Amino acid sequence: MTEHPNNETQEIPENVTNYSQILSSTVSESYPKYARAKLLKEMEKGDVVRLKKSKTMVRGKSVLDLSDIEDEGLQLSEGIARAQTVVRHIEKDEFLKSYKFAVLFSLTEIDESLIDVRLKSGESVDFFSANRPNDYVFDEKRFTSIIPTQYSIGNIIMFKFSRLLSGFPPNTETKKQYKYPIIAVYHKHLNVVEIRMDRVKPYFQDDDFFYTQQIELVLNWFKGKLNCQFENINFPAVIDYIKTLEQDEVSVHSQSMSLPNGGKAVLDAGANENYILPLLGELKELIRANEELFEKSSEIKQLLDGFIAEIETNASLPWIALIWKDTDKGKSTTVKFKHDYLNQEYSFLQYYGQQSNMEKMNNVTDYIIKNKIEFDRLENIDGSEDGGVTKDPIDL
């Protein structure tokens, strides 16, 4: 049984008998090696653990000595088993790290006063509360008793939904279990809710709709507990607007194109320095670079412009990837937008590269939504009613 702020007890799933064991299995099962190393370095820097022999002692602090253990996985498992400070650091990192997948929804309604009401009633838990319990882990049989952990920072409030996943890896009869955090980020300044998740191995998934089920679960909690109403964001229109901007921060990295005649193509900028897409992008660049020459033959230029416009207008784009550039190419952020994901009428964002911290995801969200707002403003000036958002609210 787990104590909650309102002094009531909350039954944990029957198959979760040891939270530390579940957390240890989570770190070893789902964290790549670089992520485990990053966790240990952060805890060492914060005087949570000691990884190397040292003659000096940190006075006034209780530091867990793991210097006798060489293996990173064993260091984390031992730390989780022996120190609550290690557990707390991992639970905090689940809020602050970046994730592989995300979806964004515009909020048309939310009762912010209910956020405090849910905390006081024990229907959610403040991460910073003294003597708070460990994150409440729920399984698929207990969706009605979800208690998220809440973490506020700046102008965002995050809610962590910790689901217990169970499965049997191929060619084994040993059942694996681990904690699967789903982070819902309420961007107050943008009036947006963003749901973040990581990739799940196939033997942990219920079916092909695993990720859509987690999204629906979170949206239903927000609707039921905070009186929220949502609208889908029309990402294709917003991205088309972003592509017209004269800026160097964001470029199209790649895109899938389905042509009216049945043809299909994937255009990838690859490693070229200016992120120019092959074929259409290169053709546009050719025309731009030889503008004076093409102006002398206006008919040819009109034919080429018409050809490009027809393809871009009539072709459907099942997905497109944008890159947020950095002077250090290894730190650039590439995001793939899968439109109408599994016929759900929303776009599914997939982040590429190593996980770091939530800052890069926040930056992407800020950029997209601020451009969506500007796009909507321009659409309204032109007399459009729906702008970058679907007219009908999401009905789950």
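This is a predicted model, so every value here is computed, not measured.
Checked by atom type, the side-chain pair T149/D135 shows a donor-acceptor distance below 3.5 Å. A side-chain N or O of Y19 and one of K179 form a donor-acceptor pair less than 3.5 Å apart. For the residue pair S347 / H339, a side-chain donor-acceptor distance below 3.5 Å is found, with atom types taken as modelled. Side-chain atoms of K176 and S166 form no donor-acceptor pair, as typed in the model, at a separation below 3.5 Å.
Between Y346 and F105, the ring planes are perpendicular. Angles over 60° get that label, and only those under 30° would be called parallel.
K97 meets the salt bridge (Lys or Arg N to Asp or Glu O under 4.0 Å) test with D198; sequence neighbours excluded. Checked against side-chain contact (heavy atoms from CB on, under 4.5 Å), E359 has the following partners two or more places apart in sequence or in another chain: N357, N363.
Each of S28, S24, S25, S20 was scored for a side chain to side chain donor-acceptor pair (under 3.5 Å) with S77, with one residue passing: S24. Under the ring pair (Phe, Tyr, Trp, His ring centres under 6.0 Å) test applied with F204, the options Y211, Y178, F168, F210 reduce to a single match, Y178.
More than 12 heavy atoms of other residues, nucleotides or ligands shown are found within 6.0 angstrom of CD on Q247.
When every heavy atom of V86 is checked against every heavy atom of L64, the shortest pair comes out as CG2-CD2, 4.2 Å. F230 and T108 get closest at one heavy-atom pair: N-OG1, 4.1 Å.
Note: F161 and Y136 fail the aromatic proximity criterion, with ring centroids not under 6.0 Å apart.
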For residues 185-192, which side-chain N or O atoms pair as donor and acceptor with protein atoms under 3.5 Å away, sequence neighbours left out?
from: Y186; atom 1: OH; to: E112; atom 2: OE2; distance (Å): 2.5
from: H187; atom 1: NE2; to: E194; atom 2: OE1; distance (Å): 2.9
from: H189; atom 1: ND1; to: N155; atom 2: ND2; distance (Å): 3.4
from: H189; atom 1: NE2; to: D366; atom 2: OD1; distance (Å): 3.3
from: N191; atom 1: ND2; to: L107; atom 2: O; distance (Å): 2.7

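Annotation: cation-pi geometry satisfied between K336 and W319 (NZ/CZ under 6.0 angstrom from ring centroid, within 45° of ring axis).
We find that K45 and E42 are not joined by a salt bridge, their nearest charged nitrogen and carboxylate oxygen being 4.0 Å or further apart.
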>> Apply ring pair (Phe, Tyr, Trp, His ring centres under 6.0 Å) to residues F101 and F348 and explain how you reach the verdict.
In response: CA-CA 7 Å; F101 304 134; F348 193 78; 5.0 Å; yes
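Judged by distance alone, the side chain of R196 and the main-chain N or O of I183 form no donor-acceptor pair under 3.5 Å.
V48 has its side chain out of reach of E44: every pair of non-hydrogen atoms, C-beta onward, lies at least 4.5 Å apart.
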